[in-house]
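Since the structure comes first, as structure tokens, the remarks are kept for the end.
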Amino acid sequence: MPGATACAATGGPLYDGLRRPLQDLRISVTDRCNFRCTYCMPKQVFGRDYSYLPQASLLSFDEIMRLAHQFVALGVRKIRLTGGEPLLRKNIEELVGQLAALRTPDGRPLDLTLTTNGSLLARKARALKDAGLKRVTVSLDALDDGVFRRMNDVGFPVADVLAGLDAARSAGLPGIKVNMVVKRGTNDHQILPMARHFQRTGMTLRFIEYMDAGATNGWRMDDVLPSAEVVRRLGEQLPLVPLQPATAGETARRWGYVGAGGRHDPALGEVGVISSVTQAFCGDCNRARLTTEGKLYLCLFASQGHDLRSLLRRPDGVSGEQLQRAIAGAWRGRADRYSEVRGALPRTTGTHVLRRMEMSYIGG
Ligand code: SAM
Ligand code: SF4
Ligand code: SF4
């Protein structure tokens, strides 16, 4: 498998039960958010009296770094900070700085990125860039202010997210991506305006199929607009050609805008589609997720995590090698491929359906 590395604790490359290497780690740094996106943290559930994790439950930056060291030793090459809203975590730029200083066993820096709703980006972009953040992904579901305010359900204006994107660009953060979750009948009429807006900007817009993550958003298959339909609608107005994946295990399929010569014109840019529902990509899935309270989840739809925090906080202490063995053991036992088997699972029984974690907890 290309890119797999030797595992110090076990001596061989680290693969899971389906021969997938561990390469990508998503770290959720908070379960809190200042938005209430209807598909992620609906107000009826995440209301005023919702109990977030207490401060003492959260992994400290030192604890996150202890684990990150071991994940990198085991083959992780990419770390994404997420949440909840990661920019709400106090002094997040300090953690970014510490992660940016990590090196892979062959001496390379990590691909270090962060996904944000953009609400605090105008304030934080410069500090994040200075701390060593390599890339940023900003979620934006519509250009129409009314649609966006309704979807974030706290009346947050589009203009402030666009200001955050401008700030990220001015700060010199390369590789800016914009994620739009497409919900049929809610914001699918925003596909073309969003595409037109981000064409020629150097920012890559990605359309994400609305997923059955968590148990609170009332997901129905009817609300999913398949990526194939997104591409068809786009292609009618803005001709597209398929592009090769940039990296193995990439979640998005890339499409380039066609220029005057009938070929992809890089100046026009590209879009991506993430077909988590209609075209599962579990076969390449190299992602692990670390929650705010230190549980390791091996699939977005897993019902249980591996508790690394209690290992970290053992009264008699824990060595790096012990941590590494625990992570490696969990990864070796991994056989998750929920999106590939989704259709065959009953909607009301079965482990995944019984207790599925919320996106805001497990980190999208
Ligand atoms: N708060 C940050 C944000 O919104 O970018 C980071 C966390 S959020 C959980 C990460 C990503 O998950 C966002 O791009 C969001 O749109 C996406 N997301 C959340 N719920 C989703 C769902 N049900 N289906 C598809 N994507 C979802
Ligand atoms: Fe918050 Fe992101 Fe979830 Fe929206 S998608 S509620 S911004 S965590
Ligand atoms: Fe990976 Fe699980 Fe998503 Fe499949 S369903 S791509 S295994 S996170």
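Heavy-atom basis, side chains included; hydrogens, waters and symmetry copies ignored. Both counts, for ligands and for their atoms, begin at 1 and track the order of listing.
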Got more than 12 heavy atoms from elsewhere within 6.0 Å of CD, E236? yes
In this structure, atom 1 (Fe) of ligand 2 is nearest to the protein heavy atom C33 SG, 2.3 Å
For ligand 1, which is the ligand I care about here, please tell me if T82 has any N or O atom under 3.5 Å from one of the ligand's N or O atoms. no
Is S139 in contact with ligand 2, taking contact as a heavy-atom separation below 4.0 Å? no
With heavy-atom distances below 4.5 Å as the criterion, would you say the side chains of L300 and M359 are in contact? yes
Kindly check if the number of other-residue, nucleotide or ligand heavy atoms within 6.0 Å of CZ (R254) is above 12? yes
Less than 4.0 Å between a side-chain N and a carboxylate O, is that true for R20 and D16? yes
More than 12 foreign heavy atoms under 6.0 Å from CZ of R123: is that the case here? no
E63 bridged to R66 by N-O distance under 4.0 Å: no
Would you mind telling me which of L112, L81, I92, T116 makes a side-chain contact (heavy atoms from CB on, under 4.5 Å) with L128? I92
Quick one: are T82 and I27 in side-chain contact, heavy atoms under 4.5 Å? no
Quick one, Y210 and I208 - any side-chain contact, counting heavy atoms below 4.5 Å? no
Protein heavy atom at shortest distance from atom 23 (N) of ligand 1: M211 O, 3.1 Å
Can you tell me if CZ on R108 sees more than 12 non-hydrogen neighbours from other groups inside 6.0 Å? no
Does the residue G84 have a heavy-atom contact with ligand 1, meaning some pair of atoms that are separated by less than 4.0 Å? yes
Which atoms from ligand 3 have a heavy atom of R289 less than 4.0 Å away? 8 (S)
With D111 as partner, the option from R135, Q23, K134 fulfilling side chain to side chain donor-acceptor pair (under 3.5 Å) is R135
Quick check: does G83 get an N/O under 3.5 Å from an N/O on ligand 1? no
Which residue and non-hydrogen atom of the protein lie closest to atom 3 (Fe) of ligand 2, and at what distance in Å? C40 SG, 2.4 Å
Proximal atoms of ligand 3 relative to Y338 (non-hydrogen, under 4.0 Å): 5 (S)
Identity and separation of the nearest protein heavy atom to atom 8 (S) of ligand 3: L300 N, 3.3 Å
Neighbour count >12 (heavy atoms, 6.0 Å) for atom CZ, R103: yes
Proximal candidate to atom 6 (S) of ligand 3 [heavy atom criterion; set R337, M211, R287]: R287
4.5 Å side-chain heavy-atom contact, R149 and P157: yes
Test of proximity, Y39 against ligand 1: N or O pairs below 3.5 Å: yes
Nearest to atom 2 (Fe) of ligand 3, what protein heavy atom do you find, and at what distance? C299 SG, 2.3 Å
If I apply the N/O under 3.5 Å rule, does T116 come out as touching ligand 1? yes
So if I count the atoms of ligand 2 from 1 in the order they appear, which ones are less than 4.0 Å from some heavy atom of G84? 8 (S)
Identify, for atom 5 (O) of ligand 1, the protein heavy atom at the shortest distance, and state residue, atom and that distance. S139 OG, 2.6 Å
Enumerated ligand 2 atoms positioned under 4.0 Å from heavy atoms of M41: 6 (S)
Identify the closest protein heavy atom to atom 26 (N) of ligand 1: which residue and atom is it, and at what distance? V181 CG2, 3.4 Å
Short list, please: which atoms of ligand 3 are under 4.0 Å from a heavy atom of S339? 5 (S)
When you look for heavy atoms under 4.0 Å from ligand 1, do you find them on the side chain of N179, its backbone, both, or neither? side chain
For atom 18 (N) of ligand 1, grab the closest protein heavy atom and report residue, atom and distance to one decimal in Å. M359 CE, 3.3 Å
Among protein heavy atoms, which lies nearest atom 7 (S) of ligand 3, and at what distance? D336 O, 3.5 Å
Number the atoms of ligand 1 from 1 as they appear, then name those within less than 4.0 Å of a heavy atom of N117, with their elements. 2 (C), 3 (C), 5 (O)
How far is atom 4 (Fe) of ligand 3 from its nearest protein heavy atom, and which residue and atom name does that atom have? C282 SG, 2.3 Å
Enumerated ligand 3 atoms positioned under 4.0 Å from heavy atoms of F301: 5 (S)
2.8 Å cut-off met by an N, O or S atom of C285 to atom 2 (Fe) of ligand 3: no
Are any of the N or O atoms of P86 closer than 3.5 Å to those of ligand 1? no
Between K295 and D307, does a salt bridge (Lys or Arg N to Asp or Glu O under 4.0 Å) hold up when you go through it step by step? CA-CA 5 Å; K295 291 214 171 110; D307 184 3; 5.7 Å; no
Which option, R26, M180, E85, owns the non-hydrogen atom nearest atom 2 (C) of ligand 1? E85
Validation row: L95, E93 side chains within 4.5 angstrom (heavy atoms): no
Evaluate the side-chain proximity of S360 to D31: yes if any heavy-atom separation is below 4.5 Å, no if none is. no
Quick one: do E85 and R32 satisfy salt bridge (Lys or Arg N to Asp or Glu O under 4.0 Å)? Show the steps, please. CA-CA 6 Å; E85 174 45 44; R32 290 165 194 259; over 6 Å; no
Using a 4.0 Å cutoff against the non-hydrogen atoms of F281, which atoms of ligand 3 qualify? 6 (S)
Tell me, please, if C37 has any N/O/S atom, main chain or side chain, under 2.8 Å from atom 1 (Fe) of ligand 2? no
